[in-house]
Amino acid sequence: ANMLALHNYYGKFFEEELLKEGMPLELEYLPVIESAINPNAVSRAGAVGLWQFMPATAKGLGMEVNTLVDERRDPRISSRNAARYLKQLHDIYNDWSLAIAAYNCGPGNVNKALRRAGGDSGEKKDFWDIYNYLPQETRGYVPAFIAANYVMNYYRQHGISPTIVKRHLTTDTVRIDKNVHFNQIASVLNIPVEEIRMLNPQFL
């Protein structure tokens, strides 16, 4: 119920960036299993944000990650880079199940699993062919992605409804060219600092 409400807010970023890259819109449900649609989510391994980028992957995609700014937490920027990264993975494997598996465990692990499953024979392999050779977490990842797609689309049939958001957040982007503190913005716009922080999770 909470994720349905969060998707009503963040889903527009996911859809816009996937459409720009010509990606299937079903991929907008990856953040359901990655982060429970929480831009501040941090994994035990150090992956961060809606799309759970590791620091090296994020920096390799050109994202800013330092002690002041972490673009992995930025809904728009992280969604744009997730769409691009997923496109790169699909270009490698030409198979969505393998691209999604590689998003979870990295292309190196998928390539190793393909070799162990006899993927060098020229015969086309998919996720289910290499299932037994993948890391344990990744074995559950593609089925979880399928389940997330199902539940986010057929929740009504199961008596689930989105959490009621107390008020609708209509937002806009303001570009600034000088240093400014959240407290300054809050006092001018008469918006609580916590709300500004929530809407701008990339600024640490």
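Only a predicted model underlies this, so the values are computations on that prediction, with no experimental measurement involved.
- E34 pairs with exactly one of Y29, Y141, Y103 by the side-chain hydrogen bond (donor to acceptor under 3.5 Å, both in side chains) rule, that one being Y141.
- Cluster annotation: I146 is connected to I100 through the hydrophobic network of ILVMFWY side chains, with a link wherever side-chain heavy atoms come within less than 4.5 Å.
- Listed here is the closest heavy atom pair of A83 and L18: CB-CD2, 4.0 Å.
- Contact detail for I37 and L50: the closest heavy-atom pair is C-CD2, 3.5 Å.
- E17 has a carboxylate O that lies under 4.0 Å from a charged side-chain N of K20, or vice versa, which qualifies the two as a salt bridge.
- Counting all heavy atoms, side chain and backbone alike, A148 lies closest to V32 at CB-CG1, 3.9 Å.
- Using a distance-only test at 3.5 Å, with no hydrogens or angles considered, no donor-acceptor pair links the side chain of S78 to the main chain of R73.
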Side chain to side chain contact (heavy atoms under 4.5 Å, CB included) evaluation trace for C105 with V110: CA-CA 7 Å; C105 67; V110 170; 3.9 Å; yes

Test side chain to side chain donor-acceptor pair (under 3.5 Å) applied to N149 and Y154, step by step: CA-CA 9 Å; N149 264 274; Y154 295 99; over 6 Å; no

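- Between the E71 side chain and the E64 main chain, a donor and an acceptor come within less than 3.5 Å of each other.
- Side-chain heavy atoms closer than 4.5 Å link hydrophobic residues (I, L, V, M, F, W, Y) into clusters, and following such links, possibly through other members, connects V151 to L4.
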L27 vs F145, side chain to side chain contact (heavy atoms under 4.5 Å, CB included): CA-CA, chis, key distance, verdict: CA-CA 9 Å; L27 294 167; F145 170 68; 4.2 Å; yes

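- A perpendicular orientation is assigned to the rings of F203 and F182, their planes being inclined by more than 60° (bins at 30° and 60°).
- Using cut-offs of 30° and 60° for the angle between ring planes, the F127 and Y131 rings count as perpendicular.
- Contact annotation: the side chain of V69 never approaches that of D74 to less than 4.5 Å [non-hydrogen atoms, C-beta and beyond].
- Ring geometry for H90 against W96 counts as parallel: the plane angle stays under 30°, on a 0 to 90° scale with 60° as the upper cut.
- The closest donor-acceptor contact from the side chain of S79 to the backbone of P75 lies under 3.5 Å.
- In this pair, F13 and Y10 present their aromatic rings tilted. The plane angle is within the 30 to 60° band.
- When all heavy atoms of M3 and M152 are compared, the pair lying nearest together is O-CE, 3.9 Å.
- The heavy-atom pair separating A117 from D129 by the smallest distance is CB-O, 3.9 Å.
- In this structure, L204 is not a member of the same hydrophobic cluster as I196, with clusters built from ILVMFWY side-chain heavy atoms closer than 4.5 Å.
- The two residues D126 and S97 make their nearest non-hydrogen contact at CB-OG, 3.8 Å.
- Residues meeting the side chain to side chain contact (heavy atoms under 4.5 Å, CB included) test with A41, sequence neighbours left out: S35, N38, Q52.
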